[in-house]
Amino acid sequence: MSGVTSQNTNAEHSELRILGFLCNWCSYGGADTAGVARATQPTDLRIIRVPCSGRVDPLFIAKALFNGADGVLVSGCHPRDCHYSAGNFYARRRLEVLKHFLPILGIDPARFEYTWVSASEGERWKQVVTRFTEQIHALGPAPKFEDSHPLHAMVDMALAPLAPLGTGDPQLLSSVKEAIRKKLPELDCVIGWKEGRDGLHTVPHFIRTEADLEELRIGPFAIHNLATYLPNYKGKKIGILVKGCDAKSVVELLQENLIKREDVFLFALPCQGILDMGRVDQVLGRYQHITSLKTDDKTVTVVADGKEHHFPISQYAPSKCYSCTSRMAQDADMLLGNATQIQGTPQTPPELAMLDAMSLSERMAFWKSAMDRCIRCYACRNSCPMCVCRDYCVSDSRDPHWMSQSDATREKLFFQVIHTLHLAGRCTGCGECQRSCPVGIPILALRQHCARVIRELFSGYEPGTDPKAVPPLLGYQVEEEHIKEREWK
Ligand code: FES
């Protein structure tokens, strides 16, 4: 690039680490024009030239901020001027989602901006780089994840999940078995739940014969989202038992052409809530035997090693039940019972509400303490119904080398950022990631926050509700209703 004349922007801070991703066709040319004109501008910015702003993966920015950048600027061609027609339109949606997502990690969103500068706009480039550099200097050096003191915070699960919650109709099991028995000859397999290591814990159950039906469990023990298994059965006719939330994953898999509707038979179960087994296990602690297990209409009562424990569903529902919008699958092939109507309006799930109430530095400290427990088992990824490229997962890739094998908490949180951003506009909030986490990290809150951002930016878009809908990050509008990027000049 032609010579840039430096300007000492701030006497208090020495130069900060600011990274710029500039589109080759416009903004890089604009920076060059400013340089040729010998425009005075700050020298903190380190420029990476990219073919188009559409080439900028939001993870580039997140990785830079995680690894010590004090600020990141992306600049491309003005809308309608992209050399590749629409690269900047796609970029705008992705970058706006990232900007709204950063605060949940404890990162100030003002550390990242994106804008448009054409090749002839040397003067505008000078203003952009000066303003952004001043903005970052006003914020000062970015707080380091390593420097924050771990903050151990307990989630207040006392918020009331949406009523009515309970253990469901005890008579339902026999009619479900009968319905599956009749349909089974037409199917290769029906996926449900059965008893696992003891009567309290269930595991997925692959029903191929009438004898297998005897082991079926439902009610508050219908815990796993079985849609996770569907992409593995391509070309087979599979029946699957789904709760309202699980059915959204099926719809999302259909949206992405990962399964075929004619290959899947949906048995819709009415749901009145399930048990959050993480919290149940915490209460039970270590035990040898479950000696008795009873359910009344509201509570599961367990006797473990002679000690009685009561688990009312209204107090032991997982966080996804707080924002439930559908107690029964919408587009099922067979309805097995009647859904209860939800009373009240969906609430902010408790873990997300706790993060909302924290300052940016508290959130960073919270994630530091929470992610310190992560053992990098990737159960969150493997149980996610929408995480379908696990053989080519970027966390395993060495080319490009997105993540190191280090057990630093920063690296572990960065994997959660990758997972969340790859699920943006696709995650249905089924909570399998958090359910399968062996150390109980509330990672679902990251996905729930991202889903909230998607709803706010894209007119209430809900993944998994319309099999024909195009996910928002796969499309664009020339004029976006809720994105006002041109207000930052
Ligand atoms: Fe410049 Fe696409 S070529 S933004």
Side-chain angles (χ1 to χ4, degrees), residues 1-4 18-37 39 41-42 44-65 69 71-102 109-133 135-136 394 400 402 421-422 424-425 453-454 457-458 470-489:
M1 178 166 309
S2 306
V4 172
I18 305 178
L19 200 59
F21 291 96
L22 270 57
C23 136
N24 174 57
W25 300 98
C26 282
S27 296
Y28 194 83
D32 209 25
T33 304
V36 168
Q41 49 186 304
D44 306 48
L45 191 78
R46 300 289 178 269
I47 293 174
I48 296 176
R49 181 157 55 160
V50 290
C52 171
S53 60
R55 173 67 183 88
V56 181
D57 188 321
L59 291 175
F60 294 172
I61 298 144
K63 189 165 173 73
L65 292 169
V72 180
L73 176 71
V74 174
S75 186
C77 310
H78 285 279
R80 291 192 172 92
D81 283 353
C82 175
H83 191 75
Y84 307 97
S85 302
N88 51 5
F89 289 136
Y90 289 106
R92 179 167 59 186
R93 286 195 166 190
R94 284 188 238 134
L95 298 177
E96 190 70 21
V97 168
L98 176 76
K99 193 160 169 61
H100 286 73
F101 175 69
L102 288 175
R111 292 192 180 277
F112 163 59
E113 300 289 355
Y114 66 98
T115 191
W116 321 118
V117 176
S118 79
S120 62
E121 292 179 318
E123 183 57 28
R124 173 167 159 71
W125 171 255
K126 175 189 160 179
Q127 286 166 6
V128 162
V129 77
T130 304
R131 170 158 180 214
F132 187 63
T133 306
Q135 181 170 313
I136 299 303
V394 295
W402 277 101
L421 291 178
H422 281 183
V453 169
I454 293 281
L457 292 179
F458 305 112
V470 177
L473 296 191
L474 294 184
Y476 66 86
Q477 300 269 328
V478 173
E479 292 299 331
E480 296 283 359
E481 194 182 347
H482 301 291
I483 301 179
K484 309 282 175 224
E485 88 285 1
R486 275 170 272 194
E487 286 175 6
W488 190 88
K489 295 187 178 133

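Below, all heavy atoms of this structure are taken into account, side chains as well, without hydrogens, waters or symmetry copies. The residues of the chain are indexed from 1 along the displayed sequence. Counting convention: from 1, in listed order, for ligands and their atoms alike.
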**Prompt:** Hey, is there an N, O or S on Cys82 sitting under 2.8 Å from atom 2 (Fe) of ligand 1?
**Reply:** yes

**Request:** Examine all N, O or S atoms of Cys77, backbone included, and report whether one is under 2.8 Å from atom 1 (Fe) of ligand 1.
**Result:** yes

**Request:** Under 4.0 Å from a heavy atom of Tyr84: give me the atoms of ligand 1 that qualify, with their elements.
**Result:** 3 (S)

**Heavy-atom closest pair, residues Leu65 and Leu102** = CD1-CD1, 3.9 Å

**Item:** Atom of Arg94, atom of Pro58 and distance for their closest heavy-atom approach
**Value:** CB-CG, 3.8 Å

**Message:** I'd like to know if atom 1 (Fe) of ligand 1 has an N/O/S atom from Cys26 within less than 2.8 Å of it, counting both backbone and side-chain atoms.
**Reply:** no

**Item:** Aromatic ring pairing Tyr114/Trp116, orientation class (parallel under 30°, perpendicular over 60°, tilted between)
**Value:** perpendicular

**Request:** Just need the protein heavy atom nearest to atom 4 (S) of ligand 1, so name the residue and atom and give the distance.
**Result:** Ser53 OG, 3.2 Å

**Request:** To the nearest 0.5 Å, tell me how far Cys26 SG sits from Asn88 CG.
**Result:** 8.5 Å

**Request:** Look at the aromatic rings of Tyr84 and Trp25 and report parallel, tilted or perpendicular, splitting at 30° and 60°.
**Result:** perpendicular

**Request:** Give, for atom CD1 of Ile48 and atom CG of Leu19, the distance between the pair rounded to the nearest 0.5 Å.
**Result:** 4.0 Å

**Prompt:** Near Cys23, which atoms of ligand 1 are under 4.0 Å from a heavy atom of that residue?
**Reply:** 1 (Fe), 3 (S), 4 (S)

**Request:** State the atoms of ligand 1, each with its element, that fall below the 4.0 Å cut-off from a heavy-atom position in Trp25.
**Result:** 3 (S)

